[in-house]
Amino acid sequence: MDDYGFSKSARLLNAADYKAVFSNAQFRVSTRHFLILAISDNRSRPRLGLVIAKKHVPLAVHRNRIKRLTRDSFRRNSQLLANLDIVVLARKDADKLDNKQISETFTALWLELDTKLKRNAAKLLANE
RNA sequence: UGAGUCAGCCGGGCAAUUGCUGCUUUUAGCUCUUCGUUUACCGCUUAUUGGUAGUUGAGGAAAUUAGCAGAGGAAAGUCCGGGCUCCAUAGAGCAGGGUGCCAGGUAACGCCUGGGAGGCGCAAGCCUACGGCUAGUGCAGCAGAAAUUAUACCGCCGGGCUACUCAAUUUCUUGAAGUUGAAUGGUCAGGUAAGGGUGAAAUGGUGCGGUAAGAGCGCACCGCGCGACUGGUAACAGUUCGUGGCAAGGUAAACCCCACCCGGAGCAAGGCCAAAUAGGAAUCCUUUUAAUGCUGCUCGCAUUGGAUUCGGGUAGGCCGCUAAAGACCUGUGGCGACACAGGUUGUAGAUGAAUAAUUGUCCUCGACAGAACCCGGCUUAUAGGCUGGCUCACUUU
RNA sequence: GGGGCGUUAGCUCAGUCGGUAGAGCAGUUGGCUUUUAACCAAUUGGUCGUGCGUUCAAGUCGCACACGCCCCA
């Protein structure tokens, strides 16, 4: 698990995968510009899906930019995210941020997600 | 040098590290899987055949090695045209829609080129839905006398009748009556279209003659219509000739007429494989009505009915999917758009959707903006920069 | 990606054939009522999405652009 690749096995591929995440999201973290939903799975690797609505980011160029930056941040931090299926949604004015701000935002969000995940695991252990 | 105008081109560069997609390629035969071969075991049957594990052959997926390629001039809007696919082989008529000076180019176009006409500009040059209201029908508020084969309200003009005033003159006794003329007013029947606050628009313009006053009523010049002639393929043009006193207002991005063009849907088209699920599906043959579909309608065509056979099909996957009316160079023809011939080159193909991120560095400090079946146009957005032609102004020689 | 529709007062909508744009609700003022609501009367409010064009005249006709909505797997 020391590669930083982002191939098809690391993406959500069809409508069923997305539906699973939306309908029973276990973890939610967000900022003013982004919302992250996630569920834990028994896979060996994390998977990412992106939902960048045209309504919130009107220009195709900006949508593509946000997706690229999100993927890049995801693959750099994939060790943190163990076996999660993650969906990232863009909110309004997400296109107003520059590249550096987006990268920083995601790094922070991954960390927050990681702490939530660990707390959850600890809780499960305590219950047992 | 400055201002302008037209045409063409570029659309951050370089390096390092880490990534993505496609194609080709390397490796281990460790993982999964499809089809075939064959061995053993198990179950079942008249025969077949099915399952599990292994041998071996071919292929695929994923991984791995290396290499190559990887957004635009608008990729955009979807405003037109074409290819391609299905609907019948794309058919007939009506309806409907589009185009609209002429000629040419093109696969085609609402595009482009050349020409004509009109308009703008000192000029280079630019702009124009630019057929027909002397085929028909309709429309024009308010204002104005009048809004359409013009009309006659005011005004102007002479005439008849009449009222009154003035002047001249006749008759007879101071005064009165009559006649004639002039001015003014009223009235009657006419003549006029020069002038008349209006209005977007008022039925040729200027001058002279003419007249009671006026008027293309007549004449000259200008303008306009029609015909001929000449030039031009044509639109159209003319210091040309003849003819008409002028009759013909606006609106067709009003209905409409004329000429030419258009079948419908769209890659979410359409085809193939195929969990789930539901009971039909495919092929052949046949016929009347009805229903549905092919476009709004009519004609016309197809399907539902019977027989034979066993596959059909949603999620998902694959094909369609990129070599093309291609790009570049040279030559020939043409004013040109473009065409033809020869040569060179091989240039994204994603699918929750690739072409990027970070750092360094340089400069002029980087605009508008992201392919989704493919082309030809148009339109709209766009920081800054480069090249060439032409025009005007100024300066110098 | 493709196809279709819309934009008029604060809100919901009319506007036929081009001729100075209306209705209902809401708002304001007055009346009625002890007061409020209801009711009655009067009244305010419009760059007709934006621009260019055709026309004497454009909400209406033509073109371009902007924004919003719906449908097709």
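Quick note on labels: first sequence line is chain A, next is B, and so on, each numbered from 1. Here the structure is a predicted model, which is why all the values come from computation and not from measurement.
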Whole-Å distance between [N] [atom2] and [X] [atom1]?
{"X": "Asn77(A)", "N": "rG19(B)", "atom1": "CG", "atom2": "C1'", "value": "14 Å"}
{"X": "Asp95(A)", "N": "rC368(B)", "atom1": "CG", "atom2": "C1'", "value": "16 Å"}
{"X": "Asp72(A)", "N": "rU358(B)", "atom1": "CG", "atom2": "C1'", "value": "8 Å"}
{"X": "Arg75(A)", "N": "rG19(B)", "atom1": "CZ", "atom2": "P", "value": "6 Å"}
{"X": "Leu59(A)", "N": "rG77(B)", "atom1": "CG", "atom2": "P", "value": "11 Å"}
{"X": "Arg47(A)", "N": "rA353(B)", "atom1": "CZ", "atom2": "P", "value": "12 Å"}

Next on the checklist: Given rA369(B), rA357(B), rA371(B), identify the nucleotide with an atom nearest to the side chain of Ala60(A).
Outcome noted: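 For Ala60(A), the side-chain atoms sit closest to rA371(B).
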Checklist entry - What nucleotide among rG352(B), rA369(B), rA353(B) has an atom nearest to a side-chain atom of Val61(A)? => result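 Taking heavy atoms from C-beta onward, the closest nucleotide is rA369(B).
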Mind checking the [atom1] distance from [N] to [M]? Whole angstroms is fine.
{"N": "rG24(C)", "M": "rA14(C)", "atom1": "C1'", "answer": "11 Å"}
{"N": "rA193(B)", "M": "rA213(B)", "atom1": "P", "answer": "15 Å"}
{"N": "rU179(B)", "M": "rG195(B)", "atom1": "C1'", "answer": "41 Å"}
{"N": "rU55(B)", "M": "rU31(B)", "atom1": "P", "answer": "11 Å"}
{"N": "rU283(B)", "M": "rC273(B)", "atom1": "P", "answer": "14 Å"}
{"N": "rC224(B)", "M": "rA107(B)", "atom1": "C1'", "answer": "49 Å"}
{"N": "rA339(B)", "M": "rU21(B)", "atom1": "P", "answer": "42 Å"}
{"N": "rG121(B)", "M": "rC127(B)", "atom1": "C1'", "answer": "11 Å"}

Any protein N or O atoms within reach of nucleotides 66-73 of chain C? Criterion: under 3.5 Å, listing atom names and distances.
none

Checklist entry - Heavy-atom contacts under 4.0 Å between residues 62-70 of chain A and RNA chain B, which residues? => result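 RNA chain B contact set from residues 62-70 of chain A: Asn64(A), Arg68(A), Leu69(A).
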Indicate the atoms forming the closest heavy-atom contact of [X] with [Y], along with that distance.
{"X": "Phe27(A)", "Y": "Lys116(A)", "result": "CE2-O, 4.3 Å"}
{"X": "Ile102(A)", "Y": "Arg65(A)", "result": "CD1-NH1, 4.0 Å"}
{"X": "Ala90(A)", "Y": "Val57(A)", "result": "CB-CG2, 4.5 Å"}
{"X": "Ile52(A)", "Y": "Arg63(A)", "result": "O-CD, 3.7 Å"}
{"X": "Arg47(A)", "Y": "Asp85(A)", "result": "NH2-OD2, 3.0 Å"}
{"X": "Leu35(A)", "Y": "Arg28(A)", "result": "CD1-NH2, 4.2 Å"}

Chi class for [N]: syn within 90° of 0, otherwise anti:
{"N": "rG121(B)", "result": "anti"}
{"N": "rA71(B)", "result": "syn"}
{"N": "rA247(B)", "result": "syn"}

Checklist entry - Taking a pair as Watson-Crick (N1 to N3 plus N6-O4 or O6-N4) or G-U wobble (N1-O2 and O6-N3), both under 3.5 Å, which stems of 3 or more consecutive pairs involve RNA chain C? => result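 When the pairs of RNA chain C are grouped into runs of at least three, the stems are C:1-7 with C:66-72, C:10-13 with C:22-25, C:27-31 with C:39-43, C:49-53 with C:61-65.
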Checklist entry - Think Arg71(A) has a side-chain N or O under 4.0 angstrom from the OP1 or OP2 of rA353(B)? => result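 Looking at the OP1 and OP2 atoms of rA353(B), one of them is under 4.0 Å from a side-chain N or O of Arg71(A).
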Next on the checklist: If the condition is side-chain contact (heavy atoms from CB on, under 4.5 Å), which residues does Val61(A) pass it with, not counting sequence neighbours?
Outcome noted: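 With sequence neighbours excluded, Val61(A) shows a side-chain contact (heavy atoms from CB on, under 4.5 Å) to no residue whatsoever.
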Item to check | With sequence neighbours excluded, residues passing side-chain contact (heavy atoms from CB on, under 4.5 Å) with His56(A) | outcome: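 Residues passing side-chain contact (heavy atoms from CB on, under 4.5 Å) with His56(A): Ala53(A), Lys92(A).
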Item to check | Aromatic ring proximity, centroids under 6.0 angstrom, Phe106(A) and Phe74(A) | outcome: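 No, the ring of Phe74(A) stays outside the 6.0 Å limit from the ring of Phe106(A), centre to centre.
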Checklist entry - Charged N to carboxylate O under 4.0 angstrom, Arg68(A) versus Asp72(A)? => result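 The answer is no: the pair does not qualify as a salt bridge.
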Checklist entry - Can you tell me the Watson-Crick or wobble partner of rG136(B), both distances under 3.5 angstrom? => result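 Base partner found: rC255(B).
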Checklist entry - Any side-chain hydrogen bond (donor to acceptor under 3.5 Å, both in side chains) pairs touching residues 103-113 of chain A, not counting sequence neighbours? => result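 Passing the test, one end in residues 103-113 of chain A: Ser73(A)-Trp110(A).
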Item to check | Closest-nucleotide ordering on RNA chain B, the 5'-leading residue of Lys100(A) and Leu50(A) | outcome: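 It is Leu50(A) whose nearest nucleotide is closer to the 5' end.
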